[in-house]
Amino acid sequence: MSDLITRFDLPQSQMPTAWYNVQPDLARPLPPVLHPGTHQPIGPADLAPLFPMELIKQEVSQDRYIDIPEDVREMYKLWRPTPLIRARRLEKLLDTPAHIYYKYEGTSPSGSHKLNTALPQAYYNKQEGVQGLTTETGAGQWGTALSIACNFFDLECYVYMVKVSYQQKPYRRAIMQNFGAEVYASPSDRTNAGRGILAKNPDSTGSLGIAISEAVEAAATSGGKYKYALGSVLNHVLMHQTVIGQEAIQQLEMAGEYPDIVVGCIGGGSNFAGIALPFVREKLHGGKHDLRIIAVEPLACPSLTRGKYAYDFGDTAGMAPMVKMYTLGKDFVPPPMHAGGLRYHGMASVVCELYDQGIIEARAIPQLETFQAGVQFARSEGIVPAPEPTHAIATVIQEALQAKAEGVKRTILFNLCGHGHFDMAAYEAYHNGALTDYELPEAEIEAAMAALPVV
Ligand SMILES: *Cc1c(COP(=O)(O)O)cnc(C)c1O
């Protein structure tokens, strides 16, 4: 009987009660975050204009577990625990001895994993008396999640949406407005950062880095009325996502399996960290030395595989703190490929350290292969994945075919971090043959690197 089961559900009574913080488990601590002006390590006072104190504490916490507040757990129950599904039909299609499992985060109200952190961020801001949140959004998933969270915790929500997405994804915009958010195309004329970019390039289609500058400025100049929320990259954001991996460990136990390979796509690193960090702990301290953990990025925005591990600004205007990360340079504007959520120039410090310490691997995949994998997945499992997790799926397929070539059974787990129902224009372009691969010329990477700050 158990052979035929494809879905492993945890009861709500077994939802994680705490987030897992990887920081105390790292052999080498994270490099300090530096002030953009003084280049000295920043302290809580520097971050206070942007974030509530509880999130600042979480950012640098050395506690291995941090309790999830009761109110947040209540909200998680809207859709958590998410299912773990065995992709038997994909296995059959590939004729592979590998066992493929995916954690499906597309079941959340926002359609992706982002609500896992939007809710606690809204909660802590509300607790500390903040009136509203400002943020940026690229593909629209983060803005959607934050607008839902602000709606539930009665906060105003102002979203700076990368202009190319604002134009390409009108329904994403409408969802955010449905939950009461105000949405602006970035670069906008509402901030100094936006006006500066428009003066230089009136046709700018925007970037995440630019939108971050605008949202940060809007919060920092509000006199404490508004704070800023970031949907990825920061330690506390990655930590909030660890409910994914903690649930997956329990669900794989129900299936009687343990993964040989864990895979996630990386934009800023949060959905990958969400599924991977609890396994990183088992790899470092639970005797699972052979476990392979793979972070997958687009060939067109290859922060880990081709970037440089150096201090860089988190935003384009150079107002955000400087973080040591694998970066393509803050001025890097990725080509307009369709995995909008993976177009950030940098990467979470935690993911960079894990990569630099050799604990995780990285791989870059060209666009066409990702869409091919996404369509294969949809036709076998019935779910249209967002263009971002198709990077993970392409890697899973590579690994499943490798297992077949070697004639070995391997258990592969990946994070299906969102569905693609708002990304059908991208699939349409793929089916029309209008998508191309894009590999960055070395000269372009070198030019972007030349702008790295000297620390
Ligand atoms: C935001 C997003 C990403 C990229 O962000 P990460 O922080 O790397 O997870 C990837 N996939 C989906 C569905 C997203 O919403």
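Note that ligands are numbered from 1 as they come in the structure, with each ligand's atoms numbered from 1 the same way. Treat the numbers as computed from the prediction; the structure is a model and nothing was measured.
- Q241 and E105 share no side-chain donor-acceptor pair at under 3.5 Å.
- Atoms of ligand 1 lying under 4.0 Å from at least one heavy atom of S232, given by number and element, are 6 (P), 7 (O).
- Here is the list of ligand 1 atoms found below 4.0 Å of a heavy atom in I266: 8 (O).
- At a threshold of 4.0 Å, the pair R80-E247 counts as salt-bridged, since one of the basic side-chain nitrogens sits closer than that to a carboxylate oxygen.
- Between R190 and E182 no salt bridge is recorded (no basic side-chain N to carboxylate O distance below 4.0 Å).
- Close to ligand 1: H113, with a non-hydrogen atom less than 4.0 angstrom away.
- Looking at ligand 1, you'll find an N or O of G267 within less than 3.5 Å of one of its N or O atoms.
- Taking every heavy atom of S270 and a limit of under 4.0 angstrom, the matching atoms of ligand 1 come to 6 (P), 7 (O), 8 (O), 9 (O).
- Residues that satisfy the side chain to side chain contact (heavy atoms under 4.5 Å, CB included) test with P49, not counting sequence neighbours, are absent from this structure.
- Looking at C417 next to ligand 1, no N or O pair under 3.5 Å apart turns up.
- The part of S112 lying near ligand 1 is the side chain, judged by heavy-atom distances below 4.0 Å.
- A donor-acceptor pair under 3.5 Å links the side-chain atoms of E128 to the main chain of E54, judged by distance alone.
- Close approach to G269 involves these atoms of ligand 1, each under 4.0 Å from a residue heavy atom: 6 (P), 7 (O), 8 (O).
- Partners of E361 under the salt bridge (charged side-chain N to carboxylate O under 4.0 Å, His left out) rule, at least two apart in sequence or in another chain, are R292.
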